[in-house]
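Below is one structure; the comments refer to it alone.
Values below: all heavy atoms of this structure, side chains included; hydrogens, waters and symmetry mates excluded. Residue numbers count from 1 along this sequence.
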Amino acid sequence: MTDLPADGQLIEAVPTAYSGTTFRSRLEADWARTLDTQSIRWQYEPEQITLPSGVHYLPDFWLPEIGTWLEVKGPATPRKEKAVELGKARACRCDGPCACAWPGGEMVLLGWVAERTHGDINVARSRSGYASWAAAHGPSAYFALCPWCGLSQWITLRRPWKCRACRRGLESEELYQPHDRVLHFGSGSGWSPADTVAIRREIADQMAEAEAADSEDLRWEDLYEE
Ligand SMILES: [Zn+2]
Ligand SMILES: [Zn+2]
């Protein structure tokens, strides 16, 4: 099976079995392994979704306990427009207190493998790397551990900060960003040097978008507090 990356180069995705599931690629299997290390329950490609635009979208993972979709990004994965559209469609639109099944609505997360260090020649290496992430739509996502129900999860800084599973407060908990390197990426796949250019480009794109989303969110907070 092959995917067509943005630069038109064909990269073969190797079907990989893990935990009773056959994944399209080793990268996806490694994400499942990584989720397992955090005891985050996952379902692989459980549902094909018809987006508001009419386009069909098969997200990689649904994390049922924390109401989160995870789209794995790598050098061979398609562009992220579908994940962004899903994120917009499933975000909270409640007037007043959020009555969504999960606080803030369903989250759509883009996940990739981070560089070990910023800049320079150091490249993404899943064996020794860390998982990285960004919300596909809306403010930045932070990784947190709920002390009440014990579930690891991603939340945004849109207040109130609540556990997505048990809805109890996470106001006094540590929140982590990708550069805090808290989420070890499960080993198993290896990158070729050719992959790293595409990955670095993706990381730069994601960081720029996350920053743009953050500043937009700050403006909202200003409005809210005045
Ligand atoms: Zn809501
Ligand atoms: Zn909880």
### Message
So that I know where these two stand, are Y142 and Y176 an aromatic pair - ring centroids less than 6.0 Å apart?
### Response
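Here the rings of Y176 and Y142 have centres that are no less than 6.0 Å from each other.
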### Ring-ring centroid check W31 F185, cutoff 6.0 Å
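Yes, close enough.
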Show me the donor-acceptor pairs, under 3.5 Å and distance only, between side chains in residues 96-109 and residues at least two apart or in other chains.
unit_1, atom_1, unit_2, atom_2, d
E106, OE1, W69, NE1, 2.7
E106, OE1, R90, NH1, 2.8

### Task
Quick one: which residue pairs count as a salt bridge (Lys or Arg N to Asp or Glu O under 4.0 Å) with a foot in residues 129-146, not counting sequence neighbours?
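Residue pairs with at least one partner in residues 129-146: there are none.
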### Which residues share a salt bridge (charged side-chain N to carboxylate O under 4.0 Å, His left out) with E45, sequence neighbours left out
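By the salt bridge (charged side-chain N to carboxylate O under 4.0 Å, His left out) rule, E45 matches R24.
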### Task
Using the test side-chain hydrogen bond (donor to acceptor under 3.5 Å, both in side chains), find all partners of E171 that sit at least two apart in sequence or belong to another chain.
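Per chain and number, E171 pairs via side-chain hydrogen bond (donor to acceptor under 3.5 Å, both in side chains) with R159.
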### Message
Tell me every residue that passes side-chain hydrogen bond (donor to acceptor under 3.5 Å, both in side chains) with W62, counting only those two or more places apart in sequence or in another chain.
### Response
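For W62 there are no side-chain hydrogen bond (donor to acceptor under 3.5 Å, both in side chains) partners, ignoring immediate neighbours.
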### Query
Between the side chains of E85 and S53, does any donor sit under 3.5 Å from an acceptor?
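Yes, a side-chain donor-acceptor pair sits under 3.5 Å.
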### Query
Would you say the side-chain atoms of Q48 and Y57 include a donor-acceptor pair closer than 3.5 Å?
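No donor-acceptor contact under 3.5 Å links the two side chains.
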### Results of ring-ring contact (aromatic ring centres under 6.0 Å, His included) for Y18 - residues two or more places apart only
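ring-ring contact (aromatic ring centres under 6.0 Å, His included) list for Y18, sorted by chain: empty.
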### Message
Over 60° means perpendicular and under 30° means parallel, so tell me whether W133 and F143 are parallel, tilted or perpendicular.
### Response
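Tilted, since the angle between the ring planes falls between 30° and 60°.
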### Query
side-chain contact (heavy atoms from CB on, under 4.5 Å) with W42: which of T34, L70, T21?
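Only match with W42 under side-chain contact (heavy atoms from CB on, under 4.5 Å): T21.
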